[in-house]
Novice: 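Could you have a look at this structure, given as structure tokens, before my questions?
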Number of protein chains: 2
Amino acid sequence: MQNQELRMTRQRRVILEEIRSFDGHPTADEVYEAVRKRLPRISMSTIYRDLETLCDHGRIQVLEVGCSKKHFDADTKDHYHARCIRCGRVTNLPVQPFSYLEQAFRDLCDYKVVGHRLELLGLCPACQKAEEEREAAEDITDAAK
Amino acid sequence: MQNQELRMTRQRRVILEEIRSFDGHPTADEVYEAVRKRLPRISMSTIYRDLETLCDHGRIQVLEVGCSKKHFDADTKDHYHARCIRCGRVTNLPVQPFSYLEQAFRDLCDYKVVGHRLELLGLCPACQKAEEEREAAEDITDAAK
DNA sequence: TTCAATAATAGGAATTATTCCCATTTCGTA
DNA sequence: TACGAAATGGGAATAATTCCTATTATTGAA
């Protein structure tokens, strides 16, 4: 892959723009919903096909985080992510990847190491807030008994 | 969850035994194939249901590695894994998880951190071997031209 | 330009992994 | 042994993704 010639069709341009302006890293259906507002006739096949094409041409990368959906990232440099265990939101971690880890782990297994992934798990700000409100509501209910 | 009373039915016992004796950490369908040799009438629903039940009771853990399938691990202590990018095989990494990472990353994002996952990516021994053989075969083909 | 070859798209069917539903079976205990 | 609760098997439903195909758009040669 990675041939020069990537036809920048309207669909591909909008997909790329929406991934770039997304707060966090969207899944395929989040890309679809965003793009659909601008190109109402776009189809899910085009979303998936173009996401793959954009990956092949190094314009985006696919994040395989520990959940069932793929996430897409317009920043193609290697970096770590935080993932919300409640809503699935995926956000960048501003740290340089620890390249020495791969060398250090090389002797711990018989794999031919080609990379690593590090993922922080937690509650995103929005879900923390929802959690707190839920707890507050429960306290009121408990107190009323 | 995590109630005392877990009925150790024949199905559950065999599922647990097969996960324990598996080389690496099997997916649900690998568990199914293994268990089926001993209990030919077992159904996929039972596999999934019992895997979940065993998780709920802390007898196994589910590994959410960066791929579409869940893997199951009879070792419920936190640990890191290596995953083969070719065949998907998941194997333990004999290292203590770096607990300090979570504290260190806490200030890098606005998430309420509850854990982290580290995954080494590479080629497992079997896939390395297959790769080498494929390359050797290609060399012969090239030379014959 | 105009036309043919090529590439991309929309829409829907197919596939994969997983979950859900329900009638039947099994188990623990009264 | 018999009853009620829990577990099972089998298949339908769901979710994410991939595949297929007829139609549409684009490119570049005449």
Side-chain angles (χ1 to χ4, degrees), chain A residues 1-16 18-19 25-57 59-72 83 87-90, chain B residues 1-16 18-19 25-57 59-72 83 87-90:
Chain A
M1 313 289 156
Q2 183 77 302
N3 292 325
Q4 299 308 70
E5 32 137 357
L6 165 66
R7 253 197 227 170
M8 195 44 75
T9 61
R10 193 160 6 106
Q11 289 86 336
R12 284 176 188 164
R13 187 166 24 73
V14 175
I15 289 173
L16 206 43
E18 290 301 327
I19 295 175
H25 304 309
T27 59
D29 58 297
E30 286 169 335
V31 174
Y32 177 61
E33 288 309 324
V35 170
R36 212 144 75 101
K37 287 176 188 149
R38 298 170 57 188
L39 305 175
R41 292 192 48 83
I42 190 122
S43 85
M44 205 60 189
S45 329
T46 304
I47 298 290
Y48 275 108
R49 195 184 338 92
D50 285 355
L51 286 172
E52 193 181 352
T53 307
L54 290 166
C55 279
D56 291 346
H57 287 259
R59 310 297 287 274
I60 61 173
Q61 68 167 316
V62 53
L63 307 180
E64 296 199 317
V65 295
C67 69
S68 51
K69 295 177 183 179
K70 288 176 181 170
H71 290 250
F72 298 89
R83 173 165 61 95
C87 70
R89 189 155 173 270
V90 175
Chain B
M1 312 293 155
Q2 183 75 300
N3 293 325
Q4 299 307 69
E5 32 138 356
L6 165 66
R7 254 197 226 168
M8 194 44 76
T9 61
R10 195 164 2 111
Q11 289 87 336
R12 286 176 185 162
R13 187 167 23 75
V14 174
I15 288 172
L16 206 44
E18 289 302 327
I19 294 175
H25 305 308
T27 60
D29 58 297
E30 285 169 335
V31 173
Y32 176 62
E33 287 309 324
V35 170
R36 212 145 73 101
K37 288 178 186 147
R38 297 170 56 188
L39 305 175
R41 294 190 47 83
I42 191 122
S43 87
M44 206 58 189
S45 328
T46 304
I47 298 289
Y48 275 108
R49 194 179 343 89
D50 285 356
L51 286 171
E52 193 180 352
T53 306
L54 290 166
C55 278
D56 290 347
H57 286 259
R59 310 297 287 273
I60 61 173
Q61 69 168 315
V62 52
L63 306 180
E64 296 199 318
V65 295
C67 70
S68 51
K69 295 178 185 179
K70 288 177 180 168
H71 290 249
F72 298 89
R83 174 165 60 95
C87 71
R89 191 156 173 269
V90 175

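Below, all heavy atoms of this structure are taken into account, side chains as well, without hydrogens, waters or symmetry copies. In the text below, chain A, chain B and the rest are named by the order of the sequence lines, each starting its count at 1.
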Novice: I'd like to check the side chain to side chain contact (heavy atoms under 4.5 Å, CB included) partners of B/T9; sequence neighbours left out, ordered by chain and number.
Specialist: B/R7, B/Q11, B/R12

Novice: If you measure from the Lys or Arg side-chain nitrogens to the Asp or Glu carboxylate oxygens, is any gap between A/R49 and A/E52 under 4.0 Å?
Specialist: no

Novice: Could you report the tightest heavy-atom contact between B/F72 and B/A28, atom names first, then the distance?
Specialist: CE1-N, 3.9 Å

Novice: Excluding sequence neighbours, so at least two apart, what forms ring pair (Phe, Tyr, Trp, His ring centres under 6.0 Å) with A/H25?
Specialist: A/H81

Novice: Which residues pass the salt bridge (charged side-chain N to carboxylate O under 4.0 Å, His left out) test with B/E64, not counting sequence neighbours?
Specialist: A/R83

Novice: Could you list the residues that satisfy side chain to side chain contact (heavy atoms under 4.5 Å, CB included) with B/S43, not counting sequence neighbours?
Specialist: B/S45, B/T46

Novice: For nucleotides 16-30 of chain C, read 5' to 3', which letter fits each nucleotide if B means a protein heavy atom sits under 4.0 Å from the base, S means only the sugar-phosphate is that close, and - means neither?
Specialist: -SBBB------S---

Novice: Working to the nearest 0.5 angstrom, can you tell me the gap between B/K37 NZ and B/I42 CD1?
Specialist: 14.0 Å

Novice: Taking any atom under 4.0 angstrom from a heavy atom of chain B, which nucleotides of DNA chain D are the first and last to qualify, 5' to 3'?
Specialist: D/dA6 to D/dG11

Novice: When you measure from the side chain of B/E30 to the backbone N and O of B/T27, does any donor-acceptor pair fall under 3.5 Å?
Specialist: yes

Novice: How many whole angstroms separate atom CD of A/Q11 from atom C1' of C/dA7?
Specialist: 12 Å

